[in-house]
There are 2 protein chains.
Amino acid sequence: MHSTQKPRPTPPSRRRVTAAMVAERAGVSTATVSLVANGKASGRVSATNEAKVREAIRALGYVVDGIGSSLARGVSNTVIMVAPDISNPFFATVIAGVRSALGSKYQLLLSVTDAGQLPSADDTRRLLGLRPAGLLVDAPELSFLEELSAPGPLVLLDAPGFGPEVPAVNLDVAHGARLVAGHLAAAGHKKVAYLDGTTGTTTFELRRTAFLDAAAELGMEIPDGAMASTTINVGVAADAFAEAWPGWKAAGVTAVVCATDTHAYGILQEARAAGISIPGELAVTGFDDLPYSRTSSPSLTSVNLPGELLGRRAAEQLLRLIDGEELETQQVTLESTLMVRGSTFEA
Amino acid sequence: MHSTQKPRPTPPSRRRVTAAMVAERAGVSTATVSLVANGKASGRVSATNEAKVREAIRALGYVVDGIGSSLARGVSNTVIMVAPDISNPFFATVIAGVRSALGSKYQLLLSVTDAGQLPSADDTRRLLGLRPAGLLVDAPELSFLEELSAPGPLVLLDAPGFGPEVPAVNLDVAHGARLVAGHLAAAGHKKVAYLDGTTGTTTFELRRTAFLDAAAELGMEIPDGAMASTTINVGVAADAFAEAWPGWKAAGVTAVVCATDTHAYGILQEARAAGISIPGELAVTGFDDLPYSRTSSPSLTSVNLPGELLGRRAAEQLLRLIDGEELETQQVTLESTLMVRGSTFEA
DNA sequence: CTGAAAGCGCTTACAG
DNA sequence: CTGAAAGCGCTTACAG
């Protein structure tokens, strides 16, 4: 092979050590190398040969080629997680849970969508070409499953609204929203405002509708104009609140329920700047219970979502699917709890 | 092949559509299918055949198998980014930059390290088995390169302290630290404290030493005991500050320089709770200029680091490397700027 | 313009 | 316990 072409990408400086090279050095076949390299040697390879192969592997720095291996076995040892929103601090805890459940057998790879985009079937199809052992999809589009056929082992996270036949681990955000409503009603609030997120995530819809339903049942009113929505950004939320507050106040609003803690931080911030007393004049609640909510001042009443557990459970389910087991329960729903703090409750 | 074994993982329900199936349906060879499927048809495949193949691809829902393709070509169309700290909001902007530069030719996959761990050569070696077209490594361990031999196209991000021969895009954090020192000295501060991060990231070391050197030059003093360090967590930083402040105050400290904005948020929070006037009694500076710093109250003086640009430049360099081009400059350093705000400057 | 064929690196029945 | 060989799905010279 003459290499006389001008543009020669990727100079072959990086010589790949193959199983064949190891086999030659050890004086065995590549089959034996494969067995040893994959830890399947016991009872199938003589101690002498195993030692020889190990020596050769070490000397040559051999690492099993994932591509060749994946092609031969039909799947890779990769688990791919598709997620929309890595900038959400909550997400880091989910990842930690996934990693802890996955252990070292599978390599976790993250694929993030563009800002504001939910994971689509299209994204995922491309990823399927990498033959992941399994797929974890966080907060997918509603049309996700219709479009994606025969996807192999797959577990959805935070995907309310999907049929019971698809393996999913969900957070009981509706319950959390009801807890918020109950808490505010018990504290005597009659008129409340709602600050929503603008991404079309289903979880936001659930939070909102569950809260509104419960509020209505409990005799709380959302006055006209007392619903707003912004992106998940402290500053933007603060501005929106600054603009809305005079009207809300005039309408008798005494509490604002936020779709995320981040929205609530914006309100807290603006309230401080504008001298609005919290919770005296206005109670504020969040959702997600981010770490900062425990320590902000005032600390933020928020719905705690078990992120680490969400990730762990999802990965555990996926592992079962990969092993060809039946799932006892296709759908797992994790409890959310209300953390009552200073933003709604005068100590 | 009899499939009489009991445990049969991954039921073959998911029938893979192969190029051979497409070829058969279209009445052509797999070579032709490959050309069409990869957009290399023009001038090499007749219009008739191309149309037939396209029809078959659509009808069958064929997607090129990434594994087979990668094995045949030697590399995948994947770019893998290894990063330590996705919970840092700054990271999301870096990713956005990487994605925008990468476009659709390469699929970006993220591999995150365990909490508190920097990317190691070991992590990366496993990833190499996936034959990425290129590798982006954010904030690697110092020993990273010694341990990793012949890694193929590789660009480091935020990796100060590596030799000039390794392609890297860095942030000029030292310059930023000097700006902070200059700003505080100009405002008349004589005694300052430093609140550092505890992860051993080189960037923290750089921030600290650059600041300390500049401070000394400018005649500012760091009193005994006026250096502390905590994890990157608002609450923890707040507690540490609460404990340290009496001593610092007694020593005459009038400004605290923080290694990250998150640390500074902790101080802001504790100061509010403790009634310490900022910036009247104490000036506070951060680092990273997170979005919230513009809108906190008081807003936070901070060193702005161009995260999106960092990601973009790194990806652009990597693309050149992948294409076999020489890099004009192995090392790119991006400017940091000081954003002076309310936490150091009375309006 | 086209297809037969080799080859990428590995794994896994299979025969010994 | 061991190795020769087939095969995973694709791409790419090569010959026509």
Side-chain angles (χ1 to χ4, degrees), chain A residues 1-5 8-10 12 14-24 26-53 57 60 62-77 128-131, chain B residues 1-5 8-10 12 14-24 26-53 57 60 62-77 128-131:
Chain A
M1 197 224 273
H2 295 272
S3 34
T4 21
Q5 303 102 39
R8 161 107 91 39
T10 343
R14 162 204 199 172
R15 230 187 275 126
R16 195 173 288 284
V17 178
T18 68
M21 295 163 66
V22 175
E24 166 154 35
V28 299
S29 71
T30 59
T32 302
V33 172
S34 175
L35 258 13
V36 174
N38 289 297
K40 299 178 180 171
S42 91
R44 309 218 253 157
V45 176
S46 67
T48 339
N49 273 350
E50 183 170 350
K52 280 193 218 158
V53 172
I57 286 178
L60 265 29
Y62 173 69
V63 177
V64 176
D65 182 78
I67 297 292
S69 170
S70 299
L71 186 56
R73 292 186 322 186
V75 289
S76 72
N77 66 341
L128 250 23
L130 299 171
R131 304 234 199 147
Chain B
M1 196 223 273
H2 297 270
S3 31
T4 21
Q5 302 101 41
R8 159 109 90 41
T10 343
R14 163 202 197 172
R15 227 186 276 126
R16 194 175 288 284
V17 178
T18 69
M21 294 163 66
V22 175
E24 166 152 36
V28 300
S29 71
T30 59
T32 303
V33 172
S34 176
L35 257 13
V36 174
N38 288 297
K40 298 178 181 172
S42 92
R44 308 218 254 158
V45 176
S46 68
T48 339
N49 273 349
E50 182 169 352
K52 281 193 217 156
V53 172
I57 286 178
L60 266 27
Y62 173 68
V63 177
V64 176
D65 182 79
I67 297 291
S69 170
S70 300
L71 186 56
R73 292 185 325 185
V75 288
S76 73
N77 66 341
L128 252 22
L130 300 171
R131 305 234 200 148

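What you see is a predicted model; the values in this text were computed from it and never measured. These values consider heavy atoms only, across backbone and side chains, with no hydrogens, waters or symmetry-generated copies.
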Q: Which heavy atom of Ala23(A) sits nearest a heavy atom of Thr30(A), and at what distance?
A: CB-N, 3.8 Å

Q: Touch check for Ala31(A), heavy atoms < 4.0 angstrom, all strands: base, sugar-phosphate only, or nothing?
A: base

Q: Under 4.0 Å: is that the gap between some side-chain N or O of Lys40(A) and OP1 or OP2 of dT12(C)?
A: yes

Q: With C1' as the reference atom in both, quote the distance from dT12(C) to dG16(C) in angstrom, rounded to an integer.
A: 16 Å

Q: Does dG3(D) have its OP1 or OP2 closer than 4.0 Å to a side-chain nitrogen or oxygen of Thr32(A)?
A: yes

Q: Between dG9(D), dT12(D), dT12(C), which nucleotide gets closest to the side-chain atoms of Ser34(A)?
A: dT12(C)

Q: Given atom CG of Leu35(B) and atom C1' of dC14(D), what is their separation to the nearest angstrom?
A: 14 Å

Q: Considering only residues two or more places apart or on different chains, which pairs with a residue in residues 37-51 of chain B satisfy side-chain hydrogen bond (donor to acceptor under 3.5 Å, both in side chains)?
A: Ser34(B)-Asn38(B), Glu50(B)-Arg54(B)

Q: Quick one, which residues of residues 62-71 of chain B touch DNA chain C with a heavy atom under 4.0 Å?
A: Leu71(B)

Q: What is the distance from atom OG of Ser70(A) to atom CG of Leu130(B), rounded to the nearest 0.5 Å?
A: 7.0 Å

Q: Can you measure from CG (Leu128(A)) to CZ (Arg16(B)) and round to the nearest 0.5 angstrom?
A: 7.5 Å

Q: Measure CZ/Arg16(A) against C1'/dG7(C) and give the value in whole Å, please.
A: 14 Å

Q: How long is the span from the CG atom in Leu60(B) to the CE atom in Met21(B), to the nearest 0.5 Å?
A: 5.5 Å

Q: Quick one: which of dT2(C), dC8(D), dG9(C) gets closest to the side chain of Arg131(A)?
A: dC8(D)

Q: What pair of heavy atoms forms the shortest contact from Val64(B) to Ser69(B), and how long is it?
A: CG1-CB, 4.0 Å

Q: Is there a donor-acceptor pair under 3.5 Å between the side chain of Ser76(B) and the backbone N or O of Arg131(B)?
A: yes

Q: Would you mind reading off the distance between Glu50(A) atom CD and dG3(D) atom C1', rounded to a whole angstrom?
A: 17 Å

Q: When you get a sec, tell me which of dT11(D), dG3(D), dG9(C) is the closest nucleotide to the side chain of Thr30(B)?
A: dT11(D)

Q: Would you write out the dot-bracket form of DNA chain D, 5' to 3', with Watson-Crick and G-U pairs under 3.5 Å, [ ] for crossing pairs, | for pairs to other strands and . for unpaired bases?
A: |||.||||||||.|||

Q: If I take atom CG in residue Leu130(B) and atom C1' in nucleotide dC10(C), what distance separates them, rounded to the nearest angstrom?
A: 14 Å

Q: If you compare all heavy atoms of Val28(B) against all heavy atoms of Val33(B), which two are closest, and at what distance to 0.1 Å?
A: CG2-CG2, 3.9 Å

Q: Pick the closest DNA chain C nucleotide for Arg73(B) and for Ser29(B) by heavy atoms, then say which residue is nearer the 5' end.
A: Ser29(B)

Q: Tell me: CD1 of Ile57(B) to C1' of dC10(D), nearest whole Å?
A: 13 Å

Q: Using the closest heavy atom to pick a nucleotide of DNA chain D for each, name whichever of Val45(A) or Ala72(B) lands nearer the 5' end.
A: Val45(A)

Q: Testing the basics here: between Tyr62(A) and Ala37(A), what is the closest heavy-atom pair and its distance to 0.1 Å?
A: CE2-CB, 4.1 Å

Q: Between Val17(B) and Val22(B), what is the shortest heavy-atom contact and its length?
A: CG1-CG2, 4.3 Å

Q: Rounded to whole angstroms, how far apart are CZ on Arg44(B) and C1' on dC14(D)?
A: 13 Å

Q: Can you check the Asn77(A) CG to dC10(C) P distance for me, whole Å?
A: 13 Å

